[in-house]
Amino acid sequence: MATLKTQLKQAVEAAAQQLGASIEAVIQETPAGKSGDYGTPAAFLLAKTLRQNPAAIAAQLAERVALPEGIARAEAAGPYLNFFVDAGTFVRNVVQTRPGFPHQPDKVIIEHTSVNPNKELHVGHVRNVTLGDSMARIFRAAGYSVEVQNYIDDTGRQAAESLFAVRHYGRVWDGVQKYDHFMGEGYVALNADPEKPSFQEGISAMLHRLETGELRGEIEAIVHAHLDTCFRLGARYDLLNWESDVVGSGFLSQAMNILEASPSTSHPAQGKFAGAFVMDVSAFMPGLEEPNVVLMRSDGTAMYAAKDIGYQFWKFGLFEGMKFRVFSTDPDGHEIWTSHPQGEPDTQRRFGHAAEVINVIDTRQEHPQKVVAASLGVAGHPEQERRSIHLNYAFVTFEGQTISGRKGVGAKADDVIDDAIERAAVLFILKEAASERDILSADETNEAARRIGVGALRFAMLKSEPTRTLDFRWEQVLALNGDTAPYVQYAAVRAANILKKAAAEGFSPDGADWSQITELELELAKVVSRFPDVVTTSVRVHSPHVVAQYALDLATAFNGWYNARGDDGKPATNVLQSPAGLREARLALVERLRAAMEETLGLLGIEIPSAM
RNA sequence: GCGCUCGUAGCUCAGUUGGAUAGAGCGUUAGCCUCCGAAGCUAAAGGCCACAGGUUCAAGUCCUGUCGGGCGCACCA
């Protein structure tokens, strides 16, 4: 069913048609203090063709416009045409409608996390994981089928250095410490070692052993440790793709063979690129001093970007042949698959074959990502080039310092999560002791603290635009009041408590008398009705921050309504004390709000605790 | 130098496809629990939307330039 705004848009456009002009009408909420609930500046657009002043046109539109159900009247306010909704009808529609999105035929692959398997995650990775995971949830809500992939760079230098360090220093894992932390310590020590330059041969040997796959088990142990951290953050995955498998499946050479045929690529015989295989990307990246990027080195080895190109081709279903098997099970019981040389062929075309690919990678990788997209264009796949999206986010600094995994500067993700939960737990217990509400069991308390702490962390990572640099500061990121997840969670808990209390007293939403609805409820329902637009916008701009801001709007609206006072200074909206009919209508609205907050936070991977 | 990106209240940030008087939070100040939970609410103070031009009936939003911050410009990943 078309939303009210859509109906209004069509009605205005039809009225404009009657006046002899066709336009694209914009419907917006009227600013506070202006008359009406929704309005349109459509008359401005008609002024030129109709050669009349906008105010006169608005008046004519007001006469001719056919009012959809729920709109009481239309009125010109100067050049604007404003609509007045019938509060009861509007609120009833909002309460009784649960917006859903039609199924989208396009499959979307979202790659995120992709942390080097050589040391533990730090706060910068938390931004990546929460962004990608939330984007996946939002795209699913918008009707797309989504496949979440995590790329394992198992043949990279970082992994080789960590594995070398363990052997070189004779380090022994105690079986207790988180394995990625253990490996990370060796890596940091190695990079602080003044003798490191003399280790090059040993590291190269390790790199070679990685390429043969004989050390895969050690890398898998690190990946398992990484996934544990990501699970704590609420992230979920469908498939792990290993670099060695991408190369082993021949995608690298297939991609290079295709690019070979393009006039954009060449093998310079002399100059600084003599012997290498290069691609001219000047058409895609204007302003580069050097238009050529190296794909294959003169010694025949592949640059990182070249491997990524083969992988991207596979994501779009242009290459086939990787084998897969189950890797592990996530906390919800869903299987996570992995590429593997001994896996089964993907005869069902279960993985890959995407119409759109979103790579969540920080902004420093913008150039290589452009090269990857450009290669699709060079190979004659402009549609896939266009739908190769680099969701780039600015890096995270830690208390003003640049994070360096090599030097070990920056907070570990596991520590941050622990701290966030700890802070929530402390406040939770303090409040429990100070109030008269029921004391929760230890398990329930821990679960509530977990939801609040992780929620606060995720929300802090998501609430502003990804393009903004984010300085991680403890008091700001783990704050439990203000523009935070706990603020929204708290509102949802209060809504749930009203419903619980009403049920205990035998009231239900049945028997609502919508004619008693007031302006206070109308304002609340208007915010709820924005949900579909919010999801659509978030998908369009590829950013969850739109959803996060909306969650705050929902909670603010609810809190404002909840605390509203009449002229006599007494509470104006107490549900249980409301007259029969209005009480039921308010109850239904409170339930709708609660559900909206739960659904909205759910898109951000944030759960609501049973109490706060 | 070139490319990308950001510049909105003391600080951290929203601001939809250009539309009516630019909004939050933190902090500051003053209030609100004898009616569903104060992690909450109400109010005050705080703005040349970096600057200068331009397009438009209309610009925080689009274009050009300038200034300032960040990032990137490897036969690293």
Side-chain angles (χ1 to χ4, degrees), chain A residues 24 26 28 30-34 39-42 44-45 47-48 53-54 77-80 82 116 153 156-158 272-278 285-290 293-299 301 303-305 307-308 362-368 370 392 394-395 397 424 427-428 431 434-437 452 463-465 467-471 473 475-476 479-484 486-487 489-491 493-495 497-502 505 530 533-534 536-537 540-541 545-546 548-549 552-553 555-556 559-560 562-565 569-571 573-578 590 611-612:
Chain A
E24 184 84 4
V26 173
Q28 60 198 28
T30 53
K34 294 288 172 187
T40 177
F44 285 114
L45 301 174
K48 198 164 277 176
N53 74 66
Y80 291 91
N82 289 344
N116 272 319
D153 182 5
R157 193 170 181 82
Q158 278 91 339
K272 61 174 172 172
F273 295 134
F277 179 51
V278 302
M285 289 188 262
L288 281 184
E289 245 173 80
E290 170 55 62
V293 296
V294 174
L295 297 179
M296 301 295 286
R297 302 184 189 96
S298 47
D299 66 4
T301 58
M303 294 283 287
Y304 177 80
K307 299 177 192 171
D308 235 17
D362 85 68
T363 186
R364 283 176 286 200
Q365 304 236 27
E366 190 176 346
H367 271 44
K370 272 193 180 156
N392 64 336
F395 68 104
T397 55
L427 182 56
F428 190 94
K431 287 184 62 74
S435 76
E436 291 176 17
R437 72 172 148 78
I452 296 164
K463 73 176 171 186
S464 46
E465 284 184 292
T467 48
R468 247 171 219 289
T469 54
L470 192 151
D471 188 24
R473 291 186 216 154
E475 348 77 68
Q476 221 163 291
L480 302 172
N481 66 333
D483 276 351
T484 65
Y487 174 79
Q489 290 169 322
Y490 182 69
V493 166
R494 288 214 292 204
N497 276 340
I498 293 174
L499 298 166
K500 211 182 296 174
K501 197 153 284 192
E505 296 187 20
R530 278 166 40 203
D533 286 346
V534 168
T536 304
T537 303
R540 191 182 70 238
V541 303
H545 87 279
V546 182
Q549 294 294 329
L552 292 172
D553 286 348
T556 300
N559 283 332
Y562 181 91
N563 285 297
R565 303 204 166 230
K570 292 190 173 162
T573 56
N574 187 301
V575 176
L576 302 182
Q577 310 276 334
S578 300
V590 168
M612 287 185 77

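In what follows, chains are A, B, ... by sequence order, proteins preceding strands, each numbered from 1. Scope of the values below: all heavy atoms of this structure, side chains included, with no hydrogens, waters or symmetry mates.
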_Atom P, compared across rA24(B) and rG15(B): separation rounded to whole Å_ = 15 Å
*Taking the side chain as every heavy atom from C-beta outward, state whether Tyr562(A) and Ile498(A) have any pair of such atoms under 4.5 Å apart.*
yes
*Does the side chain of Arg468(A) get closer than 4.0 angstrom to OP1 or OP2 of rG7(B) through an N or O atom?*
yes
*Assign rC33(B) to syn or anti; the rule is syn for a glycosidic angle within 90° of 0 and anti otherwise.*
syn
*In terms of side-chain geometry, is the basic nitrogen of Asp553(A) or Arg530(A) positioned less than 4.0 Å from the acidic oxygen of its partner?*
yes
_What I want to check is whether the side chains of Tyr80(A) and Thr30(A) have a donor and an acceptor closer together than 3.5 Å._
no
*Go through the N and O atoms of the side chain of Asp553(A) and the base of rA14(B), and report whether any donor-acceptor pair is under 3.5 Å.*
no
_Euclidean distance for P, rC26(B) against rC63(B) (whole angstrom)_ = 35 Å
*Using a cut-off of 4.0 Å on non-hydrogen atoms, how would the nucleic acid contact of Ala548(A) be classed: base, sugar-phosphate, or nothing?*
nothing
*When rounded to the nearest Å, what value does the distance between C1' atoms of rA43(B) and rU66(B) take?*
42 Å
*Report the distance from atom CG of Asp471(A) to atom P of rC6(B), rounded to the nearest whole Å.*
19 Å
*Output yes when a side-chain donor or acceptor of Asp308(A) lies under 3.5 Å from a complementary backbone atom of Tyr304(A), and no otherwise.*
no
_So, under a plain 3.5 Å distance rule, would you say the side chain of Asn574(A) forms a donor-acceptor pair with the base of rC35(B)?_
yes
*Hey, does the side-chain of Asn497(A) have a donor or acceptor N/O within less than 3.5 Å of a partner on the base of rG37(B)?*
yes
_Between Leu480(A) and Tyr487(A), is the side chain to side chain contact (heavy atoms under 4.5 Å, CB included) condition met? List the steps._
CA-CA 7 Å; Leu480(A) 302 172; Tyr487(A) 174 79; over 6 Å; no
*With rounding to whole Å, what would you report as the distance between rG23(B) and rA30(B) at their P atoms?*
26 Å
_P spacing across the pair rU42(B) / rA20(B), given as an integer number of angstrom_ = 23 Å
*asked:* Using a heavy-atom cut-off of 4.0 Å across all strands, would you classify Leu295(A) as base, sugar-phosphate, or nothing?
replied: nothing
*Rounded to whole angstroms, how far apart are CD on Glu366(A) and P on rG3(B)?*
13 Å
*With a 3.5 Å cut-off and no angle check, do the side chains of Arg157(A) and Asn116(A) form a donor-acceptor pair?*
no
*Please determine if a side-chain N or O atom of Asn481(A) lies less than 4.0 Å away from the OP1 or OP2 oxygen of rC26(B).*
yes
*asked:* On the side chain of Gln28(A), is there an atom forming a donor-acceptor pair with the base of rA20(B) - under 3.5 Å, no angle test?
replied: yes
*Base, sugar-phosphate alone, or nothing: which one does Gly39(A) contact when heavy atoms must sit under 4.0 Å apart?*
base
*Looking at rC71(B), does its base get a donor-acceptor pair with the side chain of Thr363(A) below 3.5 Å?*
no
_Is there aromatic stacking of Tyr562(A) on rC36(B) here, judged by a ring-centre distance under 5.5 Å and a plane angle under 30°?_
yes
_Under-4.0 Å side-chain N/O to phosphate OP1/OP2 contact, Lys48(A) with rC57(B)_ = yes
*Counting just side-chain N and O atoms, does His545(A) come under 4.0 Å of either OP1 or OP2 of rG15(B)?*
yes
*Quickly work out the Phe428(A) CZ to rG37(B) P distance and round it to whole Å.*
15 Å
*Asn392(A) CG to rG70(B) P: how many Å, rounded?*
18 Å
*Whether Tyr80(A) stacks on the six-membered ring of rG19(B) base, 5.5 Å and 30° limits*: no
*Is the phosphate of rA38(B), meaning OP1 or OP2, less than 4.0 Å from a side-chain N or O of Arg494(A)?*
yes
*Check every strand shown and say whether Pro368(A) touches a base, only sugar-phosphate, or nothing at a heavy-atom separation below 4.0 Å.*
base
*When rounded to the nearest Å, what value does the distance between C1' atoms of rU8(B) and rA59(B) take?*
14 Å
*Looking across every strand, which nucleic acid part, if any, lies under 4.0 Å from Lys34(A) by heavy atom: base, sugar-phosphate, or nothing?*
base
*At under 4.0 Å between heavy atoms, what does Tyr487(A) touch on the DNA or RNA strands: base, sugar-phosphate, or nothing?*
sugar-phosphate
*Determine: side-chain N/O of Lys463(A) to OP1/OP2 of rA24(B), distance under 4.0 Å, yes or no.*
no
*With heavy atoms under 4.0 Å as the rule, sort Ala564(A) into base, sugar-phosphate or nothing.*
nothing
*To the nearest angstrom, how far is Leu470(A) atom CG from rC13(B) atom C1'?*
11 Å
*Picking from rA77(B), rC35(B), rC75(B), which would you name as closest to the side chain of Gln577(A)?*
rC35(B)
*N-O pairing of Lys370(A) and Glu366(A) below 4.0 Å*: yes
*From the list rA14(B), rC11(B), rG37(B), which nucleotide is the closest neighbour of the side chain of Tyr490(A)?*
rG37(B)
*Which residue, Ala274(A) or Pro41(A), contacts RNA chain B at a nucleotide closer to its 5' end, judged by nearest heavy atom?*
Pro41(A)
